[in-house]
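Worksheet for the structure shown next.
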Amino acid sequence: MKKLINSPDDVITDALKGIEASDGNVRVDHENRVIYRSAPKEAGKVAIISGGGSGHEPMHGGFVGYGMLDAACAGQMFTSPTPDQMLAATTTVDSGAGVLHIVKNYTGDVMNFEMAAELAADAGIEVTTVLVEDDVAVQDSLYTAGRRGVGTTVLLEKIVGAAAEEGMTLAEVTAVAQRVSDNGRSMGMALTSCTVPAAGRPTFDLPEGEMEIGIGIHGEPGRHREPIADAKSIAKQLVDPILADLDFTGAPVIAMVNGMGGTPLIELYLMYGEVIELLGAAGVTVERNLVGNYITSLDMAGCSLTLLRADDEMIRLWDSPVQTAGLRWGR
Amino acid sequence: MKKLINSPDDVITDALKGIEASDGNVRVDHENRVIYRSAPKEAGKVAIISGGGSGHEPMHGGFVGYGMLDAACAGQMFTSPTPDQMLAATTTVDSGAGVLHIVKNYTGDVMNFEMAAELAADAGIEVTTVLVEDDVAVQDSLYTAGRRGVGTTVLLEKIVGAAAEEGMTLAEVTAVAQRVSDNGRSMGMALTSCTVPAAGRPTFDLPEGEMEIGIGIHGEPGRHREPIADAKSIAKQLVDPILADLDFTGAPVIAMVNGMGGTPLIELYLMYGEVIELLGAAGVTVERNLVGNYITSLDMAGCSLTLLRADDEMIRLWDSPVQTAGLRWGR
Amino acid sequence: MSADELTLDQLADWLRRFAELIAANKDYLTDLDSAIGDADHGANMARGTAAVVTHLDDATTVDALFKKAGMTLVGTVGGTSGPLYGTLFMKMGMSAGSVTELDGPAFARAFRAGLDGLIARGRTELNDKTMVDAMAPALDALDAVLAAGSGLPAAIAAAQAAAAAGRDATTPLVARKGRASYLGERSAGHMDPGATSATLLFDALTDPAA
Amino acid sequence: MSADELTLDQLADWLRRFAELIAANKDYLTDLDSAIGDADHGANMARGTAAVVTHLDDATTVDALFKKAGMTLVGTVGGTSGPLYGTLFMKMGMSAGSVTELDGPAFARAFRAGLDGLIARGRTELNDKTMVDAMAPALDALDAVLAAGSGLPAAIAAAQAAAAAGRDATTPLVARKGRASYLGERSAGHMDPGATSATLLFDALTDPAA
Ligand SMILES: Nc1ncnc2c1ncn2[C@@H]1O[C@H](COP(=O)(O)OP(=O)(O)O)[C@@H](O)[C@H]1O
Ligand SMILES: Nc1ncnc2c1ncn2[C@@H]1O[C@H](COP(=O)(O)OP(=O)(O)O)[C@@H](O)[C@H]1O
Ligand SMILES: [Mg+2]
Ligand SMILES: [Mg+2]
Ligand SMILES: [Mg+2]
Ligand SMILES: [Mg+2]
């Protein structure tokens, strides 16, 4: 295992120190492992928190700041944070207008946030929850855990952050969040596994010449394995299942080509070029985009595609100013 | 070799398509492989170009836009672009106030830019050149090629971009650039080699458990090899030679912890935490910072540290608005 | 356990032995989770059970012991197993009440209440390829042997065997809950990590020194 | 070359053979550059010489042939070898002038002018561990044998041997110029890639069919 760390046990503690030292937008509660906006939002506005396992940086801590999240709870590596972290964050950021919890659909995240929401309700705080469940690699079904929450989370956090900043009510913010969640789809692939520091070796073996299609963001194997193909074919394997799942024509689309952490930017740009060609041929109009490492899986090489079927309000909220380590424009 | 590409020969052509499709700040001259600002600077202001081998993304193309570069010439992988590319860029961006060439100190880059400057002068364009030569891993000497130009390039392009945007003359912009170059120092290390697509395998072998200290940005081996140490010791190996080379106390410092392309953000944050602790103990005051992948070496895992001994003017120019794919704030 | 009652000390020892067994099997559990999950079940359970052990001497009643264990697990494990094991013990504590020992039927009732809470929290069913697949048959066996009047030691032995059988039976299953469900058919052929840690919970009921 | 003059066609053939030798040694040159550089010398030279070959039939004079070759190298190779090999041929062309063949001394004079241009562009000296370490002794040998009156074929053979010897002598050197200089002492023990490609330039002077 080759990593810039002191010891597998200290990775998150140490990284939080560096985040606090480098990012002027945030302060860190090291005991609870919660990253807060250094300049809290004005009182009376809806607050937004998210959180999840660590190892997906810049998500979520890099999205704390003006126009996006009020707090992010950092779990252990790939492990949902605990209800007490979420309760601390919820209590701290609430200024009376209520708190939205953005939860990626993983059994652990769902249960921990659920317990936190129960405790917060008990403490008299109004909490709503929106689930992100956008990974088309996973078949949805009544009898399963449903789809994983992946890339749409990034777009959702930006858009609802702007909605809250505008002063929308908790019900309105939640409705926007739900609309984003309903209209986002993602699909990912990996060229390599990742190495969880505590495990010390790659989560799965992926021989030279092979790739995994339909991976999530936790180094888990994908839906199937096949020989490595060229970027054009890989782009098709990401675009096709997304377009098969939802109609993306006739609306402004926000597209994200996301790196899994170990893939250099030049390859992500190259993939974006292939994706946009396929989308153009399918009559999909991309109005806004992100290309880069936004929701990662430690050092995994690979990428994911997220498409959001947006509307005018979402585009307006997307364009609003944001000031976080991970996304910044307009100020 | 595991890469998201179509073929080793097409990587740069294909990536430029994706850059053009995704980055609204730029347009691409595909024939000459030059990335231009889509909205040119007002006439009468000094123009700034840079360029170098590809494989260092987001540098330089990702730094083209308001408040930074007017054009970037993309060479072959790790290979300086050619004088005709630079001449085309220089001719296009000059609006009468002259053009600054920002050149990283590599024999190839220096010679190609030199030929381009001769040709531009011949065409009646006023051109000045500033060399970046900041890598303290390399001993400087009258009899050698001198130090490599690495991380300071990023800080320099931002600062002089702002100077030109303010309307400074070519002489003034060049003086600021030279001051930044004189006061920037860098040091890098690698956990792995990188794989140049045309070569198809890692440039050097770096066994599990070993690292290279004093690497550049072209996958070349470093000054020496040693067993992998913890982040604290690695930080010391980066900080010490930089502080030994220039006094960084008593001035505002801009620090960059830069990833080489294959290192996830969580490790860079962790390294920043270690670096800032050492700098604090040494009496160095970091006023601004960057943590992320800014000047990379394809898929190499590792990082570099750059420190710039700034002054009030540099800090003011640093804080000015910039709008590029790689750096953005203030608009 | 050789007696027909479980004292507070014996119940604390149970949790201590569970922590020891988890620590000894940490890498194994993580390996199992690497195959169909995210390679953290061993680290998660080891972190949580080690934290539980530091509080065992504080409790003076069974409900305090179990509730504290449950809350500690919820607060330190995270992920899927934190809320699930945490709920198991918190509900066990509530069912057990403010007593200082449990006889066989009371122990079985408390455990059943815990499992019901876990199932409600996890919205899971038998054969979803989860920890429930080890726990549910184990508790059924516990109940059955106790009902037959064979006493607690025999019931525990039967529960252990049933847990192990339930765990082994997860191998061919296609997961319908948790992270392994994302693998679809590829989840078949691997033993479930949570069912494996749950089996250790029953193994821990036998005092190796007894 | 068997005659004592080099015709325009023979000179074009020289460049064509150089391109062939580079293509055949592309991976080898890249391997050498991997050890002490950035793994692109083979690709750089192959790209440039292949481009040169597409223009060989356009030229009707020696200066046009060489200048076009030089400009093509400058415009397609990039990096360090582009300006250096490019300057070599551009200056060779200027020295050769608008003729259709070169006798031995004129060829040697032109080559020397090219090397002087290259050295000025690269600000390099003998024993810096560069392509000059193969070229300079080769041109010295060419001059010496021609001065001794032994004719062009013998002079070329001597130049080839001297280039190869100069190339081999780069191995123990510590690089002082180019990318390899960043390695310091670690650059010793590796043959210089540019000196290796430069040796191929002299090897290409022998027509394998002749
Ligand atoms: N809905 C559920 N109900 C009960 N147990 C579950 C459920 N989902 C997953 N599990 C159990 O949790 C185990 C995984 O735990 P762990 O690895 O600690 O959490 P995570 O999956 O969040 O990384 C699985 O092996 C399975 O036994
Ligand atoms: N200053 C110089 N003068 C002459 N030749 C040089 C000089 N610097 C480097 N070289 C030659 O260039 C070769 C490397 O060429 P190449 O790999 O194509 O360029 P780069 O180093 O820019 O990647 C070296 O092996 C060396 O022979
Ligand atoms: Mg987990
Ligand atoms: Mg090169
Ligand atoms: Mg797990
Ligand atoms: Mg090279």
Side-chain angles (χ1 to χ4, degrees), chain A residues 1-7 11-12 14-23 54-55 57-58 62 191-192 206 208-209 211 228 230-232 234 257 261-277 286 289-291 293 296 298-299 301-303 323 325 328-331, chain B residues 1-7 11-12 14-23 54-55 57-58 62 191-192 206 208-209 211 228 230-232 234 257 261-277 286 289-291 293 296 298-299 301-303 323 325 328-331:
Chain A
M1 174 177 58
K2 293 193 151 190
K3 291 186 185 290
L4 299 168
I5 62 175
N6 288 311
S7 97
V11 175
I12 296 161
D14 291 350
L16 283 172
K17 277 187 215 157
I19 287 171
E20 178 161 55
S22 65
D23 183 2
S54 295
E57 293 67 24
L191 294 171
T192 68
L206 197 44
E208 187 67 34
M211 62 180 177
I228 285 189
D230 61 6
K232 249 180 230 320
I234 292 173
V257 168
T263 290
L265 200 49
I266 188 170
E267 296 178 33
L268 300 178
Y269 277 124
L270 195 152
M271 283 298 297
Y272 187 80
E274 300 301 339
V275 161
I276 207 76
E277 199 171 308
V286 175
N289 73 82
L290 289 179
V291 180
N293 289 285
T296 60
L298 287 171
D299 53 352
C303 71
Q323 181 173 342
R328 184 166 178 180
W329 54 78
R331 52 185 271 156
Chain B
M1 175 176 58
K2 293 194 152 189
K3 291 187 186 289
L4 298 168
I5 62 175
N6 289 311
S7 97
V11 176
I12 295 161
D14 291 348
L16 284 173
K17 276 186 217 158
I19 287 172
E20 178 160 56
S22 65
D23 184 2
S54 294
E57 294 66 27
L191 294 171
T192 67
L206 196 44
E208 187 67 34
M211 62 180 179
I228 284 188
D230 59 8
K232 251 181 229 318
I234 292 172
V257 168
T263 290
L265 199 49
I266 189 171
E267 298 179 31
L268 300 179
Y269 277 124
L270 195 153
M271 283 298 297
Y272 187 80
E274 300 300 340
V275 161
I276 206 79
E277 198 171 309
V286 175
N289 74 81
L290 289 179
V291 179
N293 290 286
T296 60
L298 288 169
D299 53 352
C303 71
Q323 182 173 340
R328 181 162 181 185
W329 54 76
R331 53 186 271 157

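Residue numbers begin at 1 in each chain, while the letters A, B, ... track the order of the sequences. All figures in this text were calculated on a predicted structure; none of them were measured in a lab.
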Between atom [atom1] of [X] and atom [atom2] of [Y], what is the distance when rounded to the nearest 0.5 Å?
X: B/K3; Y: A/I228; atom1: NZ; atom2: CD1; answer: 11.0 Å
X: A/L298; Y: B/T263; atom1: CG; atom2: OG1; answer: 12.0 Å
X: A/L265; Y: B/N293; atom1: CG; atom2: CG; answer: 8.0 Å

* Asked: Given the options B/Q323, B/E20, B/E274, which has more heavy-atom pairs under 4.5 Å with chain A than any of the others?
  -> B/E274
* Out of B/K232, B/R328, B/M271, which one racks up the most heavy-atom pairs below 4.5 Å with chain A? -> B/R328
* Structure fact -> On a heavy-atom basis, the closest approach of A/K2 and B/E208 is CE-CA, 3.7 Å
* Asked: Does B/V291 reach the side chain of A/S22, with side-chain heavy atoms less than 4.5 Å apart?
  -> yes
Select one option (side chain, backbone, both, neither) describing which atoms of [X] are under 4.5 Å from chain A's heavy atoms.
X: B/E277; result: neither
X: B/S7; result: neither
X: B/R331; result: backbone
X: B/V11; result: both
X: B/I234; result: side chain
X: B/D299; result: both

* For B/D14, which residues count as a side-chain hydrogen bond (donor to acceptor under 3.5 Å, both in side chains) partner, sequence neighbours excluded? -> B/N6
* Identified side chain to side chain contact (heavy atoms under 4.5 Å, CB included) partner of B/Y269 from the options A/L16, A/L4, A/I19 -> A/I19
Looking at chain B, which one of [options] has the largest number of heavy-atom pairs inside 4.5 Å, strictly under?
options: A/G273, A/G330, A/A231; answer: A/A231
options: A/V275, A/L290, A/V257, A/L191; answer: A/L191
options: A/L270, A/D230, A/I5; answer: A/L270

* For A/I276, side chain to side chain contact (heavy atoms under 4.5 Å, CB included) partners two or more places apart -> A/Y272, A/V286, B/A21
* To do: Measure A/L206 against the heavy atoms of chain B and call it side chain, backbone, both or neither at under 4.5 Å.
  => both
